[in-house]
Amino acid sequence: MTHGHVPFRRSYKPFRGPFDPCPPIGVKYYVTPPNLFIGFQPPNFKQFSAIEALRKGTLWVPFYDYYENPYKK
Amino acid sequence: MAQPLSPDYYKQLEEIQAVDFVIFELVLYLDTHPNDSQAIEQYNHYAAHSLKLKIEFEAKHGPLRFGMPMRNDQRWEWSEAPWPWQV
């Protein structure tokens, strides 16, 4: 299922048997970056400015994926 | 010991870094979109800008790129501090 408020993250709940001695892990998250959904890049994508692109790690706005630790609340 | 670096040194260096990053991104984009003329135009603009920035930087702060003409032919500045990891 897609994680609600955090884009490009999906989560699942690992199965836990009744005899599992360990504490439940709860929900696990994995990253689904934007490039999975865009495919071949169309021309004239919106761009960041040079300095901003250096900070964000990509020149193209739609490819930007801000990583935020979903476990740290 | 070389005196501490001026903030302007870092500012110019950061700008060069940003412009070069954009060039890398455009090169990767153009590899898969060879006839996007608008992107080529932007690439040329940034390439010229990067060259200008580097020439200015080297005139002001000393050698930056390997194999470029040195501004001072009395003193070999290439091996002087600060080295890249000391900046």
Side-chain angles (χ1 to χ4, degrees), chain A residues 1-17 20 22-73, chain B residues 4-66 68 82-87:
Chain A
M1 61 195 177
T2 311
H3 192 268
H5 64 287
V6 184
F8 307 125
R9 295 289 171 281
R10 292 192 185 172
S11 59
Y12 64 98
K13 224 164 148 34
F15 175 79
R16 184 166 181 272
D20 188 340
C22 311
I25 299 169
V27 182
K28 297 270 286 185
Y29 300 94
Y30 58 97
V31 178
T32 52
N35 56 305
L36 299 181
F37 310 114
I38 291 173
F40 192 73
Q41 180 177 344
N44 303 327
F45 250 9
K46 220 162 103 37
Q47 295 184 7
F48 290 119
S49 68
I51 296 281
E52 216 179 338
L54 187 64
R55 293 265 186 286
K56 296 201 165 166
T58 174
L59 177 62
W60 316 100
V61 174
F63 282 130
Y64 175 59
D65 173 15
Y66 170 75
Y67 183 77
E68 174 202 297
N69 186 344
Y71 297 104
K72 216 188 287 151
K73 271 293 169 291
Chain B
L5 298 169
S6 61
D8 179 52
Y9 183 101
Y10 290 104
K11 198 175 70 58
Q12 284 186 10
L13 208 53
E14 188 184 13
E15 205 184 335
I16 288 172
Q17 244 182 333
V19 168
D20 281 354
F21 179 77
V22 170
I23 290 172
F24 274 118
E25 288 279 282
L26 287 173
V27 164
L28 291 173
Y29 171 79
L30 285 165
D31 286 348
T32 48
H33 302 67
N35 18 42
D36 183 336
S37 53
Q38 206 220 340
I40 296 173
E41 200 191 310
Q42 183 184 1
Y43 169 84
N44 284 332
H45 163 71
Y46 273 97
H49 186 50
S50 167
L51 196 57
K52 184 172 77 70
L53 287 178
K54 284 172 184 167
I55 290 165
E56 274 166 25
F57 181 92
E58 285 181 338
K60 191 157 187 284
H61 297 290
L64 174 69
R65 297 164 296 172
F66 174 80
M68 290 295 131
W83 288 68
W85 59 86
Q86 297 168 323
V87 168

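Residue numbering restarts at 1 for every chain, and letters A, B, ... go by the order of the sequence lines.
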| query | Between A:Q47 and B:Q42, do the side chains contain an N or O donor and an N or O acceptor separated by less than 3.5 Å? | reply | yes

| Structural part of A:S49 lying under 4.5 Å from a heavy atom of chain B | neither

| task | Please flag which part of B:Q38 lies under 4.5 Å from any non-hydrogen atom of chain A: side chain, backbone, both or neither. | result | side chain

| said: Looking at B:K54 and B:E58, is there a salt bridge between them, counting it only when a charged N and a carboxylate O are closer than 4.0 Å? | reply: no

| message | Does any backbone or side-chain atom of A:F45 lie under 4.5 Å from a heavy atom of chain B? Answer side chain, backbone, both or neither. | response | neither

| field | Region of B:F24 that comes under 4.5 Å of a non-hydrogen atom in chain A | value | neither

| said: With rounding to the nearest 0.5 angstrom, report the OH to CG distance, B:Y46 to B:L51. | reply: 16.0 Å

| request: Over 60° means perpendicular and under 30° means parallel, so classify the ring planes of A:Y71 and A:Y29, tilted if in between. | output: perpendicular

